[in-house]
Amino acid sequence: MSDASDARLTDRRNFIRFLAASPVMTPTAVRTLVGSLTLGSTSALAQSYDVLRAPAQAVGDVIAAPEQALNVMDFEPAAKKALPPAHYGYLASGVDGDETLRANHEAFSKIRIRTRRLIDVRKIDTSVTIFGQTYATPIMLAPVSSQGAFHPEAETAVAKAAKVKGNGMILSTVGSTSIEDVTEARGAPVWYMLYPTDDWTVTEALVKRAEAAGAPAIVLTVDRQGGRNTETLFRLRRDDTRNCKDCHAGGFANEVSRKPMFDDLDVSKVTNLYGTGMTWDYVDRLRKIVKGKLVLKGIVTHEDAEEALKHGVDAIIVSNHGGRAEESLYPTIEALPEVVKAVNGKIPVLVDGGFRRGTDVIKALAMGATAVCIGRPYCWGLAAFGEPGVAAVLAIMQREFDTIMKQVGALRIADITPDMVSVG
Ligand SMILES: Cc1cc2nc3c(=O)[nH]c(=O)nc-3n(C[C@H](O)[C@H](O)[C@H](O)COP(=O)(O)O)c2cc1C
Ligand SMILES: CC(C)CC(=O)C(=O)O
């Protein structure tokens, strides 16, 4: 038993505290486990301690505590186990056959990293400044709707973890928590992702409320105009007898009005959230009412990036909605260079889709991204373990990113340059 000599294991009170702190142990479970041990039996305590700490041995293992995860992917099986199939299916699925969802991540394998040696990397600084605000890390949290489907503490748990780790956060229009509560939990303003309702009065009210809560940026998502074919979602939730009846009761208007950002708003005229008729005129109209920064999320071509510059957009998020927009088979990391080239340093370019490793992050930064966003990984942590799960996901990605920064010899984000990657 490697840890038998660990002083903590000879102290029963510490062991009980350790168990109680574990997000997977209820008070009853702690009492049962501790009661079943021979009092003072160091070896039994050590064994239980080791079982809880044992890292995931194989890909696909269901971990019992955040500490057991070796990488962020280790949280997905635990999330799957924790969630009803319909909610897991909602999180996991893309569109059509999920090929774009998979391609986003797989594309990173085609990009190699060129490392420099003999640089003193004992001290590095991973902070980035966007719109005058400095974040400890270039890893931001993408907007993900309805996080109450993953954990009762929803976006609040995510915001608390982001506060501790210093990650920037974007709240979805259809989040389960209001922007005021998320801002308080994050301890700083968050960006607000806007779905363009087809009732301008409602849209305007959402923008005003977000800005009143301090949101420095309104992120208009533009990649859901044509609708989507959620075939894999239907397959994943097919056996779920609960089948989200409560979540979707009462039809679209009722569903929207239950989201806190629509409190006190008359949504009777809202028939869709995705701006099916939206054009660049809509961006101009929004530009006029947004007092802070206006960001477009979902741009994947240089043509649209050029157009965005003409319409006074302040930043772009290269995104295909995590493979949930269209089955384009175009990984966002492959779309990034043409957008970066078109923008030519005039505004920040962020990117999301398939980021699972610190090495993925450095590749995007080397290819010109200002920051990256992650979606599903922090939701796996949330679903499996609540706030400690999100914190662990963020810590693992940051640890991996720190390591690769040192390995390439970059002391600060500005030291990450295009020559650090080799593509093709
Ligand atoms: C369950 C789920 C809900 C999402 N909800 C939104 C949303 O409300 N607004 C939005 O702009 N993007 C939404 N997205 C897309 C994410 O913001 C992001 O683009 C994507 O998750 C990044 O890919 P990744 O999950 O591979 O990291 C959602 C993604 C998922 C998985
Ligand atoms: C369907 C929307 C309400 C949320 C979204 O953007 C998504 O699920 O990808």
Side-chain angles (χ1 to χ4, degrees), residues 23-24 62-63 65-66 69 71-95 98 101-102 104-105 137 139-165 167-177 181-182 185-186 190-191 193 195 219 221 230 232-233 236-237 240 244 247 259 297 317 319-325 332 352-357 360-361 372-398:
V24 292
V62 178
I63 55 172
N71 60 42
V72 303
M73 278 85 79
D74 280 343
F75 287 88
E76 187 173 11
K80 184 174 187 180
K81 188 174 173 212
L83 294 175
H87 292 187
Y88 172 72
Y90 179 57
L91 178 58
S93 55
V95 288
D98 287 354
L101 163 64
R102 283 191 294 276
N104 273 345
H105 178 60
T137 169
I139 305 168
M140 292 183 63
L141 306 187
V144 169
S145 62
S146 308
Q147 292 175 29
F150 309 137
H151 192 274
E153 286 165 30
E155 291 85 357
T156 307
V158 173
K160 284 182 184 166
K163 177 183 183 182
V164 174
K165 306 292 175 191
N167 302 75
M169 178 171 173
I170 311 176
L171 175 70
S172 168
T173 295
V174 271
S176 308
T177 314
D181 289 347
V182 171
R186 175 61 184 78
V190 298
W191 296 12
M193 175 258 134
Y195 267 133
V219 180
T221 293
T230 51
T232 52
L233 166 62
L236 280 163
R237 76 180 188 200
D240 191 5
C244 273
C247 313
K259 301 291 184 188
K297 175 173 183 281
I317 305 181
S319 175
N320 57 24
H321 221 103
R324 290 159 84 83
T332 48
D352 73 18
F355 286 82
R356 305 289 180 262
R357 292 282 192 186
D360 301 340
V361 179
V372 312
C373 304
I374 55 171
R376 292 180 185 82
Y378 76 82
C379 296
W380 297 332
L382 175 69
F385 305 112
E387 185 191 333
V390 181
V393 164
L394 301 181
I396 289 171
M397 277 200 81
Q398 186 62 32

- Message: If you define the side chain from C-beta out and look only at heavy atoms, does anything of Ile170 sit under 4.5 Å from Met140?
- Response: yes
- Does a side-chain heavy-atom distance below 4.5 Å link Pro66 with Phe75? yes
- Message: Could you report the tightest heavy-atom contact between Asn104 and Gly323, atom names first, then the distance?
- Response: ND2-N, 3.6 Å
- Item | Main-chain N/O of Ser176 paired with Glu155 side-chain donor or acceptor, under 3.5 Å | yes
- Task: Return yes if some donor-acceptor pair links the side-chain N/O of Thr173 with the main-chain N/O of Met193 below 3.5 Å, else return no.
- Result: yes
- Item | Pairwise distance NZ(Lys165) to CE(Met397) - rounded to 0.5 angstrom | 14.0 Å
- Would you mind reporting whether Arg357 and Asn71 have side-chain heavy atoms less than 4.5 Å apart? yes
- Thr332 versus Asn320, side-chain donor and acceptor atoms under 3.5 Å: no
- Are side-chain heavy atoms of Asp74 and Trp380 found at a separation under 4.5 Å? no
- Are any of the side-chain heavy atoms of Lys297 and Cys373 separated by less than 4.5 Å? no
- Message: To the nearest 0.5 Å, what is the distance between CG on Leu382 and OG1 on Thr156?
- Response: 10.0 Å
- Item | For the student: nearest non-hydrogen atoms of Ser93 and Leu101, plus distance | C-CD2, 4.1 Å
- Query: Between atom OG1 of Thr221 and atom CD1 of Ile317, what is the distance when rounded to the nearest 0.5 Å?
  - Reply: 7.5 Å
- Message: Is the shortest side-chain heavy-atom distance between Leu394 and Ile374 below 4.5 Å?
- Response: yes
- Task: To the nearest 0.5 Å, tell me how far Asp352 CG sits from Leu141 CG.
- Result: 11.5 Å
- Query: Going by the angle between their ring planes, with limits at 30° and 60°, are His321 and Tyr195 parallel, tilted or perpendicular?
  - Reply: parallel
- Query: Residues two or more places apart in sequence or in another chain: which of them pass salt bridge (Lys or Arg N to Asp or Glu O under 4.0 Å) with Arg324?
  - Reply: none
- Message: Once rounded to the nearest 0.5 Å, what's the spacing between atom CZ of Arg186 and atom CE of Met169?
- Response: 8.5 Å
- Message: So does Ala142 get a backbone contact from the side chain of Tyr378, meaning a donor-acceptor N/O pair under 3.5 Å?
- Response: yes
- Query: Atom CZ of Arg237 and atom CG of Leu83: how far apart are they, to the nearest 0.5 Å?
  - Reply: 14.0 Å
- Shortest non-hydrogen contact between Glu387 and Lys160, atoms and distance: OE1-CD, 3.3 Å
- Note on the structure: Closest non-hydrogen atoms of Gly94 and Thr232, given as atom of the first, atom of the second and distance, are N-OG1, 3.7 Å
- Task: Kindly give the heavy-atom pair with the smallest separation between Val174 and Ser145, and that separation in Å.
- Result: CG2-CB, 3.5 Å
- Message: Could you check whether any side-chain heavy atom of Phe355 comes within less than 4.5 Å of a side-chain heavy atom of Ile139, counting everything from C-beta outward?
- Response: no
- Donor-acceptor pair, side chain of Arg376 and main chain of Leu91, under 3.5 angstrom: yes
- Contact summary for Ser319 and Gly322, nearest pair of heavy atoms: OG-N, 4.4 Å
- Task: Take atom NZ of Lys80 as the centre, draw a 6.0 Å sphere, and report whether it contains more than 12 heavy atoms from other residues, nucleotides or ligands.
- Result: no
